[in-house]
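Quantities reported herein were computed from a predicted structural model and do not represent experimental measurements. Here is the naming used below: chain letters follow the sequence lines, and residue numbers restart at 1 for every chain. All heavy atoms count here, side chains included; hydrogens, waters and symmetry mates do not.
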There are 2 protein chains.
Amino acid sequence: MKADTLKGHLDALVLSVLAAEPAHGYAIIERLKLRSGGAFALPEGTVYPVLHRLERGGFLSSEWTEVAGRRRRVYRLTRSGRRELGLRKNEWNAFSRAVQAVLA
Amino acid sequence: MKADTLKGHLDALVLSVLAAEPAHGYAIIERLKLRSGGAFALPEGTVYPVLHRLERGGFLSSEWTEVAGRRRRVYRLTRSGRRELGLRKNEWNAFSRAVQAVLA
DNA sequence: CTTGACACATAGCGTCGCTATGCATACCAT
DNA sequence: ATGGTATGCATAGCGACGCTATGTGTCAAG
């Protein structure tokens, strides 16, 4: 998978993972890898800034937790985040159909 | 359609349009609009640099033509461009499936 | 006691689509 | 004639954002 294929779609992916249940950054990375069949193996330097950005935008809220001596920042969708996910999904569907139509 | 949704996929779209038949920049824009059902209405400032980039990469060749007092630069796929289109299509399919799997 | 998984953070880079702008020709309606 | 619209190409500069590289620290396994 080339570098910039994700550009503009990563937010939707992260929101979608968090729609299932709250999770911390590292776990989000694992779930993206799993749910994409290995296609999305994202470096931490990609994901953490996304989480900060989404939280700044009001789409996520977060809190520190401590599990087995390890601190984790657990993120969850806000109401606004859930709405945003809906928009992003629609956008993806429109985009995906359009690309398909051109490439066909 | 948001600004950066296309990022990383535009080359494939342009190559795909030119795979049907050679065309000049402005016509490529029109065909993208048409074939995408209006979803892709790209400004010239987006498309012309792509054409230059693809030609520099050896995926396109071009020549000036004169039609009804208007000069046009007509682009056509090279053999390498045809191969590249195949790769890009595969990449798109993999990407698209992966996103679908995560968003589902 | 070192390797590797877990866990977070951020500075800096590079790519690339978009905006804005400029130039030029053709055609149509007023 | 003239002004608007479509046609046609080009490029400077901006901004967004994913990635690399690097740093910090904990814990389990060998």
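Closest-nucleotide positions on DNA chain C for Asp4(A) and Val74(A) were compared, and the one nearer the 5' end corresponds to Val74(A).
Leu60(B) is listed as a side-chain neighbour of Leu15(B), based on a closest heavy-atom distance under 4.5 Å. Between Leu6(B) and Leu13(B) the shortest side-chain heavy-atom distance falls below 4.5 Å. Put simply, the side chain of Glu30(A) reaches to within 4.5 Å of the side chain of Lys33(A), judged on heavy atoms.
Contacts of residues 45-72 of chain A with DNA chain C (heavy atom under 4.0 Å): Gly45(A), Tyr48(A), Pro49(A), His52(A), Trp64(A), Arg70(A), Arg71(A), Arg72(A). Residues from residues 8-41 of chain B that place a heavy atom under 4.0 Å from any atom of DNA chain D, listed by number: His24(B), Gly25(B), Tyr26(B). For DNA chain C, no neighbouring residue in residues 88-104 of chain B is found when judged by any heavy atom under 4.0 Å.
Clustering ILVMFWY residues whenever any of their side-chain heavy atoms sit less than 4.5 angstrom apart, transitively, puts Tyr48(A) in the very cluster that holds Leu10(A).
If you take CD of Glu44(A) and P of dA11(C), they are 17 Å apart, rounded to a whole angstrom. The NZ atom of Lys7(A) sits 10 Å away from the P atom of dG17(C) (whole-angstrom rounding).
Counting only residues at least two apart or on different chains, the salt bridge (charged side-chain N to carboxylate O under 4.0 Å, His left out) pairs with a member in residues 8-29 of chain B are Asp11(B)-Arg53(B), Asp11(B)-Arg88(B), Glu21(B)-Arg31(B). A salt bridge (charged side-chain N to carboxylate O under 4.0 Å, His left out) check over residues 60-81 of chain A, counting only residues at least two apart or in different chains, returns nothing. Among pairs with a residue in residues 1-36 of chain A, those fulfilling ring pair (Phe, Tyr, Trp, His ring centres under 6.0 Å) read His9(A)-Trp92(A), His9(A)-Phe95(A), His9(A)-Phe95(B), at least two apart in sequence or across chains.
Distance check: Lys89(B) NZ to Asn93(B) CG gives 9.0 Å after rounding to the nearest 0.5 Å. Put simply, OG on Ser16(B) and CG on Leu77(B) are 9.0 Å apart, with the number rounded to the nearest 0.5 Å.
The side chain of Arg73(B) lies closest to dA10(D), out of dA10(D), dA7(C), dG18(D).
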Test side chain to side chain contact (heavy atoms under 4.5 Å, CB included) applied to Leu18(B) and Leu54(B), step by step: CA-CA 12 Å; Leu18(B) 288 176; Leu54(B) 288 174; over 6 Å; no
